[in-house]
Amino acid sequence: MLRTRKIRWLSGTMVLLAILTLLLPQALLPQAAAAQAQTSGIDAVLVADVSNSMNTSDRDKISNEAMKMFIDMLPVQGDKVGIVAYTDQVEREKAMLEIQSDADKSSLKDFIDQLGRGPYTDVSVGVAEAVNILNHGADPSHSPMIVLLADGNNDFNKTKGRTQAQSDADLAKAVKEAQDQGIPVYTIGLNADGKLNKNALADLAQQTGGKSFITDTPDDLPQILSEIFADHAKLNVVKLPSVTGNGSYQEVTVNVPNDSVLEANISIMSSKPVEVQLTDPSGQAVDLNSDAAKLSTSKSYSLVKLLKPQEGDWKLRVKGAPKDSIDINLLFNYDLQLVVDPIKTKSYTKGDKVDLAAKLENGGQPLQDNDLYTDMKATLVVKDVDTGKSEEQPLENTGSGFAGTFEVPDNHNYELIIRAEEDSFYRESAPITINASGAAGSGSQPTTSGGEQDKPFPWLPVILGVIALIVVGVGAWFLMGWLKRKNRGFVGQMVVEIRDENTGDKSYPQYKKLVSFRGRFHLHQLLQLDPELKETEKYVFTPSNGDRIIIRNTAGGTLEKSGRAVDASSGVELKNGDRLSIPLQQADKTILIEYLV
């Protein structure tokens, strides 16, 4: 009897989970759309040459300003950033950090400000490590990229026997890996001393599908960073009128064209400090440190970020020093995709006509605001795969999408891409292939069309699908519990010191807040990924009940808790005020930790 009840309970649970599996995706759509609206879908690694040659190539530390501005331009939540500082080896490194708050951005910028200089240079080291970081920490649903800031020159340590040929081979390997994984490398050549190897940097960008820029002054940063961000996110930079400072506030209109704008980045460049005020379309003053707008400032730029701004004319008021030139760029961020309706799957021949239709989607749903289409133009880009030639033809704007007809000009293979554009952004569809060569296969596209009508109803696939759905439902139940544990947060902070066992010297205490971590993190992350301390990766922290933390040594071993040696292989619980001493065998150092809530 008890066994029968268990079976009935399990069967009912499986059916319920199967129903939930069908319903959950629809129920979660608004949440998914909201989450997606927080990110531009970028995973970036910022790579900086920190060799001593930068003392002349980058006297004003333009590289630091560029990296910080790039971070400020990213959305408040969702995107990931890693940092590599290299000479002829990796000097400092920060693994991919998912930005969840302004504090995360501040942490990244503080890390950049702490970068020092060192001897020798090998560009291949920085690029290869950046590709490696993306391999291990990028989100598969995001678009990866690398931004390299360097003078493009190498300077090898003769005592190590490193040659240019070896460096070139390592760089070629990293470039091939970047090409295979669709990772563009954008280069910013730093040329304060006129010794820039611009050809090497341009070639690196060209091979990977990035772009190359050159600068010897921070004045160029807003334009360069805007161009890089825009190119990767398929946006257009909107140039606003320049202002010559006169000591008083001067007004510039910032037009937000529609309500599909997620963010507006207003970059302001001036050689001297600029004061900024902002009013919304209703004329109300806007707090520049609020949920509506945020102001970031540095030595060479100011950046105002409008968050989900209201459609209409905003008024930006800037006050600069007399006769100081103030340049202003505007960059919008949209959550929009261009999707093509499925075409018929068939064999094509010369003269056949293919009807095409495309529309914008927001968060996976058709765009509700058709006003966005008003000023848009669409083009069909046709590439003859057999000859390599490309041509374009305009498409009709229907008011709620784009439409047109492609007539197959010859018995060749073709790739079709639809590009829709307006002043502040553009989008491109996934490629559609048309096979008119007479070979096996035919036109195809990301979304397949219906099959033949005379086939019998596929009962077996349907039954197997139902069974699979039930299995998925049960799996989803356990997956939800696992995800809840995986995303559980931390509280408090850790005070970290490093003691050199050879000299007895201790580093200054560093206070590491834990709120940005989710599910688990290892000690190496807490130490800002110092390569010398890599063995700390085996010490893993997970949250526990009552604001406590568990530390476990995944390789087995002991550590000292409050002066007593304890086995860390099965986990040691930490509560407020507990202290740890973790000896490192490979580095002759000891990590001292105090947990505070």
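All residue numbers refer to positions in the sequence shown, counting from 1.
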> Asn329 and Met269: side chain to side chain contact (heavy atoms under 4.5 Å, CB included), yes or no, with the steps?
Replying inline: CA-CA 9 Å; Asn329 283 336; Met269 190 288 302; over 6 Å; no

>> The test is salt bridge (charged side-chain N to carboxylate O under 4.0 Å, His left out); show your working for Glu428 and Arg419 and say whether it passes.
In response: CA-CA 4 Å; Glu428 292 180 344; Arg419 177 185 171 112; 3.3 Å; yes

>> Between Lys105 and Ile99, does the side chain to side chain contact (heavy atoms under 4.5 Å, CB included) criterion hold? Intermediate values first, please.
In response: CA-CA 7 Å; Lys105 290 190 175 185; Ile99 297 174; 4.0 Å; yes

> How far apart are the C-alpha atoms of Tyr414 and Phe406, what are their side-chain angles, what is the distance that settles it, and do they pass the side chain to side chain contact (heavy atoms under 4.5 Å, CB included) test?
Replying inline: CA-CA 11 Å; Tyr414 296 92; Phe406 169 63; 4.1 Å; yes

> For Asn258 and Asp371, what are the C-alpha separation, side-chain angles and deciding distance, and is it a side chain to side chain contact (heavy atoms under 4.5 Å, CB included)?
Replying inline: CA-CA 8 Å; Asn258 55 74; Asp371 290 343; 6.0 Å; no

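Listed by first then second residue, pairs satisfying ring-ring contact (aromatic ring centres under 6.0 Å, His included) with a partner in residues 368-401 read Tyr373-Phe402, not counting sequence neighbours. For residues 206-215, every residue pair satisfying the salt bridge (charged side-chain N to carboxylate O under 4.0 Å, His left out) rule, not counting sequence neighbours, is listed here: Lys211-Asp231.
With 3.5 Å as the limit, one finds no donor-acceptor pair spanning the side chains of Glu391 and Gln393.
Looking at residues two or more places apart in sequence or on another chain, you find no salt bridge (charged side-chain N to carboxylate O under 4.0 Å, His left out) involving Lys383. For Asp113, the side-chain hydrogen bond (donor to acceptor under 3.5 Å, both in side chains) partners two or more places apart in sequence, or in a different chain, are Lys68. Checked against side-chain hydrogen bond (donor to acceptor under 3.5 Å, both in side chains), Thr379 has no partners two or more places apart in sequence or in another chain. By the salt bridge (charged side-chain N to carboxylate O under 4.0 Å, His left out) test, Lys80 pairs with no residue at all, sequence neighbours left out. Applying the side chain to side chain contact (heavy atoms under 4.5 Å, CB included) criterion to Ala292, with sequence neighbours excluded, gives Val286, Ser290. Residues passing the salt bridge (charged side-chain N to carboxylate O under 4.0 Å, His left out) test with Glu415, sequence neighbours excluded: none. Every salt bridge (charged side-chain N to carboxylate O under 4.0 Å, His left out) that Asp102 has, sequence neighbours left out, goes to Lys294. In this view, Ala202 and Ser212 satisfy the side chain to side chain contact (heavy atoms under 4.5 Å, CB included) rule, not counting sequence neighbours. With sequence neighbours excluded, no residue forms a side-chain hydrogen bond (donor to acceptor under 3.5 Å, both in side chains) with Ser106. Applying the side-chain hydrogen bond (donor to acceptor under 3.5 Å, both in side chains) rule to Asn289 yields no partners; only residues at least two apart in sequence or on another chain are considered.
Between Phe490 and Phe521, the distance from one ring center to the other falls under 6.0 angstrom.
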